[in-house]
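These notes are about the structure you will find just below.
To find a chain, count down the sequence lines: A is the first, B the second, and so on, and within it residues start at 1.
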There are 2 protein chains.
Amino acid sequence: MAIRIIIFEDNERLRNSLTYLLRSMPEYDVVGDYPNCREATSVTLALQPDVALMDIDMPGENGIKGVGMVKEARPETAVIMYTVFEDDEKLFQCLCAGANGYLLKKTPPDKLFEAIREVVDGGAPMSPSIARRVLNSFQQSKTENKYQLSTRELEVLQLLSKGFSAKVIAGELNISFETVRSHLKNIYPKLHVNCGKEAIAKALSERIV
Amino acid sequence: MAIRIIIFEDNERLRNSLTYLLRSMPEYDVVGDYPNCREATSVTLALQPDVALMDIDMPGENGIKGVGMVKEARPETAVIMYTVFEDDEKLFQCLCAGANGYLLKKTPPDKLFEAIREVVDGGAPMSPSIARRVLNSFQQSKTENKYQLSTRELEVLQLLSKGFSAKVIAGELNISFETVRSHLKNIYPKLHVNCGKEAIAKALSERIV
DNA sequence: ACAGTAATACCTCAATTGAGGGATTTGAAC
DNA sequence: GTTCAAATCCCTCAATTGAGGTATTACTGT
């Protein structure tokens, strides 16, 4: 049975070309094509597509919103972003919204067709440069001494970030309670914070520990 | 010029097959092959490979350690994991260690060759099921009310997690200082913690906020 | 009408923390 | 040989917090 495809793309010529190309092959069936995401929820529910091709830059609701609408309406529909944007900001917003693939518009048609098959088979097609960005995001950029913390200060901060009190930290490190407080007093200005709670928030959200 | 490849794989038959296959094509050159990662640092420095094929399950230092050794010795060398393991644990350890690709051993040889070209061109080849896992990891599994927090309690926790004091939170929400303290006292048992610092640690590390 | 929950607000007391000091020892750098 | 940073320890005082309460209002579901 043909793969049911729905297209969200505001460029009419491109949208028509894609539709024409995909319809010319028995393997694919374009069941709907739209210049924006306003009706994304209802058409997804009505047409039950296997795959949605989604542009990002569209008038009204953009494609990032669109991913969420399609995914919420019908999680089984695989969403492939199809866009010119290559920046981390939009990329990760789409991924968090539930996109199953991310292709740049420079992708040649045969690769696009292959990606549609791949996403239906449970894959996650991505343009090479996108895949590289995604993998790079896992390498925690060790903020190596961005705040010039000493070895001991880092240890204290790590334990603090587990929610431990000064007394418990002292026990863990086998040093005195007052020493821990001294370290904390030295840590705060280095992190540009004023109290332990801010320090924890900063340490955890900036992956210092 | 041929792509310089180094192979870490403890299965001798597989290692020899790969070497033989790759050497049969002028495009590729296997400059070294090893049954473990003990010498990974020194051979990477000595042989200056473009690509390292890395198994995970090897005697001695395993492949996860191996990725780190190769990447630390020579960041330009692209490392492709080549393994049977499909579990999130090992996968994300490899990605954090700096792997540039992740192929399952069931990958057919022609896809493996394509992956080597792709990684040299700055891509990040992944088996489809791996790519899907990676993308899924971005969908923050909304821990929807795992701890049964009320709307207001969630708001208080969100502000607390920015490091705000009770007094500041009261100001932000336009409620009294004592009310904030009441909410906090109700939040702690729900999160199974005993103080604000533990609450922040839990909220941030479990993505509650 | 009544029970339950969420949200609001106040009180007290002991413990912890932040802020401000000062002080010693050790090992590396110049 | 002196200087410097890191690590250790102690003191005080005011502010914040945790823990234990109590109490009112408003809305929801029965």
>> Applying side chain to side chain donor-acceptor pair (under 3.5 Å) to B:E206 and B:Y147, what does each step give before you reach the verdict?
In response: CA-CA 11 Å; B:E206 295 194 20; B:Y147 295 104; 2.9 Å; yes

Distance in angstrom units between [X] [atom1] and [N] [atom2], rounded:
| X | N | atom1 | atom2 | value |
| --- | --- | --- | --- | --- |
| B:L184 | D:dT16 | CG | C1' | 12 Å |
| A:K197 | D:dT16 | NZ | P | 10 Å |
| B:E198 | D:dG18 | CD | C1' | 12 Å |
| B:H183 | D:dG18 | NE2 | C1' | 17 Å |
| A:N186 | D:dT8 | CG | C1' | 11 Å |
| A:R152 | C:dT25 | CZ | C1' | 15 Å |
| B:Q148 | C:dT5 | CD | P | 11 Å |
| A:K185 | D:dA7 | NZ | C1' | 14 Å |

> Is atom CD of B:E178 surrounded by more than 12 heavy atoms (other residues, nucleotides or ligands) closer than 6.0 Å?
Replying inline: yes

> So, does the side chain of B:S182 form a donor-acceptor pair with the base of C:dC10 at under 3.5 Å?
Replying inline: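 For B:S182, whose side chain was compared with the base of C:dC10, there is a donor-acceptor pair (under 3.5 Å).
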
>> If you assign each of B:R181 and B:T151 to its closest nucleotide in DNA chain C, which residue comes earlier from the 5' end?
In response: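 In this pair, the answer is B:T151.
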
> Looking at A:R117 and A:E114, does any basic side-chain N land under 4.0 Å from a carboxylate oxygen?
Replying inline: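 A salt bridge is absent here (no side-chain N lies under 4.0 Å from a carboxylate O).
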
> Within the structure shown, what part of the strands sits under 4.0 Å from A:S165 by heavy-atom distance: base, sugar-phosphate, or nothing?
Replying inline: sugar-phosphate

> How do B:K167 and A:S176 order along DNA chain D: which one's closest nucleotide is nearer the 5' end?
Replying inline: A:S176

> Looking only at side-chain N and O atoms, does A:T179 come under 4.0 Å of OP1 or OP2 in D:dT8?
Replying inline: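 No, A:T179 has no side-chain N/O under 4.0 Å of OP1/OP2 on D:dT8.
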
>> I'd like to check B:V168 versus B:L159 (side-chain heavy atoms, cut-off strictly below 4.5 Å). Are they in contact?
In response: no

> Between B:Q48 and B:R4, does any side-chain donor sit less than 3.5 Å from a side-chain acceptor?
Replying inline: no

> Considering only D:dG18, C:dT8, D:dC9, which nucleotide approaches the side chain of A:I175 most closely?
Replying inline: D:dC9

